[in-house]
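Notes follow once the structure below has been shown.
Each chain gets a letter, A, B and so on, in the order the sequences are listed, and its residues count up from 1. Hydrogens, waters and symmetry mates play no part in the numbers below; they use all other heavy atoms, side chains included.
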Amino acid sequence: MSITYLEAIREAQALALKNSEDVFIYGQDIGLFGGAFKSTKGLYNDYPNRVIDSPISEDAMVGLAVGAAIEGMRPIIEMQFADFSSVGFNQIVNQAATMYWRTSVPCPITIRLPSGGTPGSGPFHSQCMETIYAHYPGTIVMTPSTVEDAYSMLLEAVSIDDPVIFCEHKYLYYHLKAESLPRKALPAQKARILRPGRHATIIAYSAMVHEAVSAAEILSKDGYEIEIVDLRCVKPIDIDTVLGSIARTGRVLAVGESFPWGGVTAEIISQISSEGFNLLDAPPARLNSIDTPIPYHPELWRYHRPTANSIEEKIRKLIKE
Amino acid sequence: MSITYLEAIREAQALALKNSEDVFIYGQDIGLFGGAFKSTKGLYNDYPNRVIDSPISEDAMVGLAVGAAIEGMRPIIEMQFADFSSVGFNQIVNQAATMYWRTSVPCPITIRLPSGGTPGSGPFHSQCMETIYAHYPGTIVMTPSTVEDAYSMLLEAVSIDDPVIFCEHKYLYYHLKAESLPRKALPAQKARILRPGRHATIIAYSAMVHEAVSAAEILSKDGYEIEIVDLRCVKPIDIDTVLGSIARTGRVLAVGESFPWGGVTAEIISQISSEGFNLLDAPPARLNSIDTPIPYHPELWRYHRPTANSIEEKIRKLIKE
Amino acid sequence: MANIANHEEGSESDLSKVVLDTFRWMILARTFEDRISNIYRSGKIFGGVYVGKGQEAFSASMAINLVKGQDVYSPLIRDMAGRSAFGEPLVDAARTYMGSSNGPTKGRDGNVHRGNPREGMPTMISHLGAMISVVSGVLFARRIKGTLNNSVGATTIGDGGTSTGAFHEALNLAAVEKLPLIVSIANNQFAYSTPTSKQFACHDLVDKAVGYGVNGINVDGTDLIDCIQGFQSCIQKARAGEGPQIVVGNLLRLSGHGEHDDAPYISEEIKKSKLGIDCLKKSEKRILDEGWCNQNDIDDMFKNAVNEVNSAIETAESESAPDPYSHDWNAYSSVKFDQ
Amino acid sequence: MANIANHEEGSESDLSKVVLDTFRWMILARTFEDRISNIYRSGKIFGGVYVGKGQEAFSASMAINLVKGQDVYSPLIRDMAGRSAFGEPLVDAARTYMGSSNGPTKGRDGNVHRGNPREGMPTMISHLGAMISVVSGVLFARRIKGTLNNSVGATTIGDGGTSTGAFHEALNLAAVEKLPLIVSIANNQFAYSTPTSKQFACHDLVDKAVGYGVNGINVDGTDLIDCIQGFQSCIQKARAGEGPQIVVGNLLRLSGHGEHDDAPYISEEIKKSKLGIDCLKKSEKRILDEGWCNQNDIDDMFKNAVNEVNSAIETAESESAPDPYSHDWNAYSSVKFDQ
Ligand SMILES: Cc1ncc(C[n+]2csc(CCOP(=O)(O)OP(=O)(O)O)c2C)c(N)n1
Ligand SMILES: Cc1ncc(C[n+]2csc(CCOP(=O)(O)OP(=O)(O)O)c2C)c(N)n1
Ligand SMILES: [Mg+2]
Ligand SMILES: [Mg+2]
């Protein structure tokens with residue numbers, strides 16, 4: 001058997017629907033059609049009452065989820081693309097994320113954001129929005145990078161009593177395969193040391209983890225052992241695991257696919273600098289996309305986002321400092 | 001004569017309307033009524049054709065501004081409170097901010113966000129949203145802290161060919177006074193050394209500049225000379241001025257009123273750590289609000305945001321490290 | 001004072017009973033808000049004060065037709081009367097204004113931002129239009145769970161709030177799902193200073209109903225009996241499965257937008273028009289004319305209201321403000337983490 | 001082929017002329033999109049392909065009534081025919097699909113995301129509903145500047161797009177400002193897979209017009225002459241200062257949502273209904289029946305279209321892809337700064 005990242009997301013939803021009658025899925029075209037990416041394929045057949053097509057109304061979709069959460073349910077909202085969640089932004093950050101704090105009533109909703117770039121998708125079907133949502137108090141923001149994590153973290157997201165922004169990466173949907181789904185899993189809020197090393201640490205998440213791994217493989221040919229930390233969850237950040245790694249390597253590069261200003265890499269480098277200053281043997285480095293909208297043309301797109309090559313280059317510099 | 005921060009904003013708009021027939025102001029209650037904060041008071045009388053009340057439609061207000069900008073005008077949009085710009089978020093970050101890059105047609109709009117906390121305003125009338133907008137490519141984000149800057153930077157904002165998010169701080173509206181309006185001004189994108197020092201640098205912007213100054217005054221009694229850099233513009237950040245200051249002091253604290261995750265302080269500390277690592281004699285420090293929504297009750301509010309006292313405390317620690 | 005909701009239709013004594021009940025809540029709301037305005041003017045309220053003066057009949061008439069413990073009610077800024085009629089303890093209101101740490105939000109949010117989502121009162125955020133989909137979500141969940149039974153969800157908005165995308169998306173969604181949702185639109189002719197002519201171009205707000213495929217009616221918002229009967233019929237339709245209902249109330253707010261605002265933009269002409277009639281006075285006159293009670297009874301109602309208000313405010317004032325040092329600074333229910 | 005917009009009404013020869021002109025653009029659009037679909041299937045297009053098959057009559061009829069250089073037109077994904085009729089150079093379309101660096105977005109955005117804001121064609125973003133307020137803004141600016149004259153702004157949306165808050169806010173704003181805005185709603189019965197029954201509950205989309213206080217009409221989207229005349233009358237009304245106009249076209253998309261989609265959700269029944277009629281074939285028959293031209297002329301039109309398409313695609317294919325190393329990576333017009 002072999003299962004893709006996309007199938008893992010579907011399986012997690014199937015299990016969540018099975019485990020609890022409080023779970024339902026709401027989104028555009030997610031019913032009989034199975035979703036724009038087919039991540040709810042077949043679920044409508046098994047749970048016609050709980051896999052429901054919505055109008056094109058992201059604001060109301062999120063509001064509806066909040067109301068259902070008040071009523072004790074655990075809705076999953078699928079945005080057709082992460083980019084369109086901008087229309088539901090107000091309900092996410094002001095309604096859902098503040099609910100528990102204002103009223104002491106939890107708001108267990110999961111918002112699935114098909115995120116990130118793929119060639120030819122352009123500025124409005126490629127965005128990574130973890131930074132926007134993580135900035136606001138009250139949200140938990142997950143960014144799984146593996147098939148196993150996509151599965152176990154989505155299940156955990158649905159079980160958490162707070163709003164979870166689940167950033168699933170579209171580039172990984174079909175590219176990534178695993179042999180089987182996990183039975184046990186690291187808690188979602190723990191970072192994972194994906195690859196041990198000693199010359200430098202790369203902190204990455206989501207699709208960038210794989211670029212980092214490729215870079216590390218290239219660098220290993222020159223004898224560099226690069227440790228890779230997969231953040232998994234970007235809010236909260238498991239800073240202890242991060243600092244533990246830097247304690248071993250003394251050098252760090254944070255890599256993120258999203259825009260450069262104030263994103264995950266800024267938060268992580270800033271936390272490292274404040275809390276792990278004395279662990280650092282060289283200036284901490286960052287790598288993000290270029291500060292423009294995400295280009296449509298694959299030639300431009302490949303250059304716009306960090307890749308194994310640009311990571312490799314950055315690490316070579318970092319190691320020399 | 002004495003002029004407040006709020007009056008400076010009105011005067012800048014009056015001058016902008018006078019200087020160019022391409023300028024108009026659009027927003028809720030900004031016409032005859034003069035705006036919720038009276039920052040357009042009297043302007044309707046002089047320019048009834050260009051100071052226009054809008055319906056409660058933040059999405060459409062921004063869209064309209066973009067259309068007018070295409071047509072060569074330079075609209076100023078007033079959001080009644082920064083917090084409500086969340087409803088116009090999509091048009092701001094996806095329509096306005098990407099316009100030039102997609103089409104080579106500039107989008108000279110200014111969006112005024114009455115920002116920041118005042119006692120008793122609560123979670124939805126107190127937000128600082130500079131982080132959200134600065135994250136996206138294509139926006140310029142200004143955060144004036146003085147009466148003079150409020151005036152000159154708003155004039156510059158209107159003259160800039162890109163969308164400017166103008167974060168004016170409500171706490172400063174009436175609290176801050178100057179003798180007169182400036183005739184010459186530092187370009188908006190330059191940071192300002194507000195107070196020279198040698199023991200540490202505080203990087204601040206908007207209302208936090210004044211808390212920093214108060215902290216510095218307290219600390220000066222103990223012989224500590226604290227340099228204060230007022231960022232003025234948070235995107236782009238004038239990193240050269242920042243690094244210049246740190247080269248003198250070796251220690252830095254970045255202070256921001258907004259939520260702690262990934263904001264201006266993260267970006268600035270992260271840039272400093274990467275580019276000015278060797279200038280640092282101690283771990284760079286940050287101070288932001290607590291990671292909850294902004295509380296209504298003044299007792300809670302004062303504790304939630306950074307104050308002169310909490311800044312002072314942080315600096316004392318920083319100096320000992 | 002019991003919350004009378006399930007009276008039978010048509011009977012004269014039933015009508016008089018519900019009118020008197022509703023009238024009492026109107027008096028309580030007016031008395032409370034007048035008092036809060038005074039305290040505001042003395043500088044003792046943190047933040048703004050927004051009152052429902054002139055809108056009490058419309059507001060309370062919706063809520064009086066709801067059943068607490070069964071129905072959902074999400075009020076907005078001018079719904080003091082509706083809140084009371086729905087069953088919100090007066091002391092909760094007082095605590096929120098006075099910043100007591102015992103209030104429903106513990107001092108975290110203020111004035112009109114109180115509620116109890118688990119007791120059928122989702123708590124408003126300031127962004128206009130945002131509560132309609134939340135109420136719809138509660139109903140949607142109940143339908144999935146099979147617990148909808150006879151319940152309805154009700155929420156309110158102003159003439160200005162109809163311009164929001166949130167209003168549109170939520171109402172359209174509720175119509176598609178045929179949810180038992182009642183949206184009352186208090187058309188008080190202004191959104192802050194903005195007259196309806198700069199807010200919408202339809203002839204009548206109720207004209208929007210057909211575009212959503214829902215039922216809509218107009219009521220005279222200054223007339224208590226018209227309000228009660230209008231809501232009664234619409235709420236019954238919603239309970240009967242006829243889908244969302246819009247009830248437009250035509251009236252005037254007899255105050256500024258907030259108590260800081262002396263509303264120079266409201267013309268004398270409109271104040272003197274039919275819209276400017278004070279629903280409280282009109283109700284009183286009608287009640288007396290109909291002989292449903294006498295002047296003494298009404299005087300007692302006002303006295304009782306003053307006593308209730310005094311005691312609620314005293315309680316709230318005697319309670320401590322939230323203490324930032326012992327406050328639970330955690331925006332998360334599931335986790336405790338530092339950032 | 002000139003863009004005929006200001007023909008006089010009523011005259012038979014005028015009608016035949018505009019029908020033939022429009023029909024030519026329909027043919028060009030169909031030919032081009034069929035070709036692009038083929039290229040897509042051969043794997044040579046980056047990203048998705050969304051075509052307007054079945055919607056050409058409705059799309060082109062709006063644009064043929066507009067005047068380039070005067071009016072504003074912001075098309076959406078199914079408006080290849082309208083774009084052509086408005087005057088978009090075919091090679092711009094080809095360049096965008098083929099990723100030529102000479103295209104209007106220089107490879108920065110793709111397929112349907114092309115335009116020329118300064119030439120009256122604001123460029124769509126993907127978020128549905130977002131262009132309506134932009135077009136309104138152009139008109140609003142012209143009115144302020146006194147340059148509105150006779151011009152109108154036109155934009156299109158689908159049945160699904162009417163559920164967005166952006167649609168509502170923009171249409172309401174345009175109605176309040178009485179802008180000469182025409183919004184065509186192509187009701188092709190589905191939004192991706194979602195049928196209209198899950199999208200709105202009104203009896204007819206045109207019922208929304210009264211709620212905005214604007215004029216609205218229905219046209220048979222499969223019938224070219226009905227489309228042309230419908231748009232003609234509405235655009236004339238807008239020019240005459242009668243404010244926003246809604247034109248609902250009832251039709252079916254004769255393709256998948258995108259070329260990746262074989263649309264199993266569209267039933268045979270609806271395909272065989274009147275809605276499923278191919279507007280191109282219907283127009284051809286009508287033209288021949290009326291004797292407005294003969295079969296040879298029509299064959300020539302198709303041949304010409306093929307030639308035009310071939311040459312546009314050849315040009316685009318011969319051009320270079322954008323080069324990331326020399327590309328101007330700057331999202332700012334006013335400043336050049338590194339982040
Ligand atoms: C989305 C949004 N934009 C702006 C505001 C600021 N605001 C608060 S109340 C108000 C006027 C509301 O008018 P209306 O809906 O008619 O209600 P009324 O105050 O008349 O009861 C405005 C503009 C807001 N709360 N939400
Ligand atoms: C705000 C927003 N949400 C979701 C989408 C994703 N999306 C793209 S096209 C589409 C269906 C549109 O349906 P309709 O408006 O009927 O137009 P049609 O495709 O039928 O021409 C959807 C949901 C989007 N583009 N914008
Ligand atoms: Mg109103
Ligand atoms: Mg459609």
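Ranked by heavy-atom pairs under 4.5 Å with chain D, the first of A:Gln80, A:His297, A:His125 is A:His297. Among D:Arg108, D:Gln199, D:His127, the residue making the largest number of heavy-atom pairs under 4.5 Å with chain A is D:His127. Of all the listed residues (A:Pro123, A:Ser121, A:Ala60), the one sharing the greatest number of non-hydrogen pairs under 4.5 Å with chain D is A:Pro123. Heavy-atom pairs under 4.5 Å with chain A peak, among D:Ser101, D:Gly129, D:Ala130, D:Gly160, at D:Gly160. The greatest number of non-hydrogen atom pairs below 4.5 Å with chain D, out of A:Gly31, A:Ser54, A:Gly122, A:Ser57, is found for A:Ser57. Across D:Gly47, D:Ala331, D:Gly107, the residue that shares the most heavy-atom pairs under 4.5 angstrom with chain A is D:Gly107.
Proximity to chain D (any heavy atom under 4.5 Å) is shown, for A:Thr118, by neither the backbone nor the side chain. Interface residue D:His327: only side-chain heavy atoms are found under 4.5 Å from chain A. At a 4.5 Å heavy-atom cutoff, the contact between A:Asp29 and chain D is made by backbone and side-chain atoms alike. With a 4.5 angstrom heavy-atom cutoff, A:Ala36 touches chain D via backbone and side-chain atoms both. Contact of D:Ser197 with chain A is not made at all, since no heavy-atom distance falls under 4.5 Å. Both the backbone and the side chain of D:Tyr192 come within contact range of chain A, judged by heavy atoms closer than 4.5 Å. Using a 4.5 Å cut-off between heavy atoms, A:Leu32 does not touch chain D at all. The contact between D:Ile125 and chain A is made by backbone and side chain atoms together, counting heavy-atom distances below 4.5 Å.
In this structure, the separation between OG on A:Ser115 and CZ on A:Phe81 is 11.0 Å, given to the nearest 0.5 Å.
Note: A:Tyr296 and D:His113 fail the aromatic proximity criterion, with ring centroids not under 6.0 Å apart.
With a 6.0 Å radius and a threshold of 12 heavy atoms from other residues, nucleotides or ligands, A:Lys38 has its NZ atom above the threshold. The environment of D:Lys44 atom NZ is sparse: at most 12 non-hydrogen atoms of other residues, nucleotides or ligands sit within 6.0 angstrom. Few gaps surround CD on D:Glu317; more than 12 heavy atoms of other groups in view lie less than 6.0 Å from it.
Ring orientation note: the planes of A:Tyr5 and A:Tyr173 are tilted relative to one another, at an angle of 30° to 60°. A:Tyr171 and A:His175 have parallel rings, their planes meeting at less than 30° on a 0 to 90° scale where 60° marks the start of perpendicular.
At a threshold of 4.0 Å, the pair A:Arg316-A:Glu313 does not count as salt-bridged, since none of the basic side-chain nitrogens sits closer than that to a carboxylate oxygen.
You'll find the side chain of D:Asn330 stays beyond 4.5 Å of the side chain of A:Asp291, heavy atoms only.
Residues of residues 300-311 of chain A lying within less than 4.5 angstrom of chain D, judged on heavy atoms, are A:Leu300, A:Tyr303, A:His304 in numerical order.
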Legend entry - CA sep, side-chain torsions, deciding dist, call: A:Lys177, A:Glu7, salt bridge (charged side-chain N to carboxylate O under 4.0 Å, His left out): CA-CA 9 Å; A:Lys177 290 194 178 113; A:Glu7 286 161 347; over 6 Å; no

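A donor-acceptor pair is defined here as one N or O able to donate and one able to accept, closer than 3.5 Å; no such pair exists between the side chain of A:Asn288 and the backbone of A:Val255. Between the D:Arg95 side chain and the D:Thr105 main chain, no donor and acceptor come within less than 3.5 Å of each other.
Of all heavy-atom pairs spanning D:Glu33 and D:Lys53, the tightest one is OE1-N, 4.1 Å.
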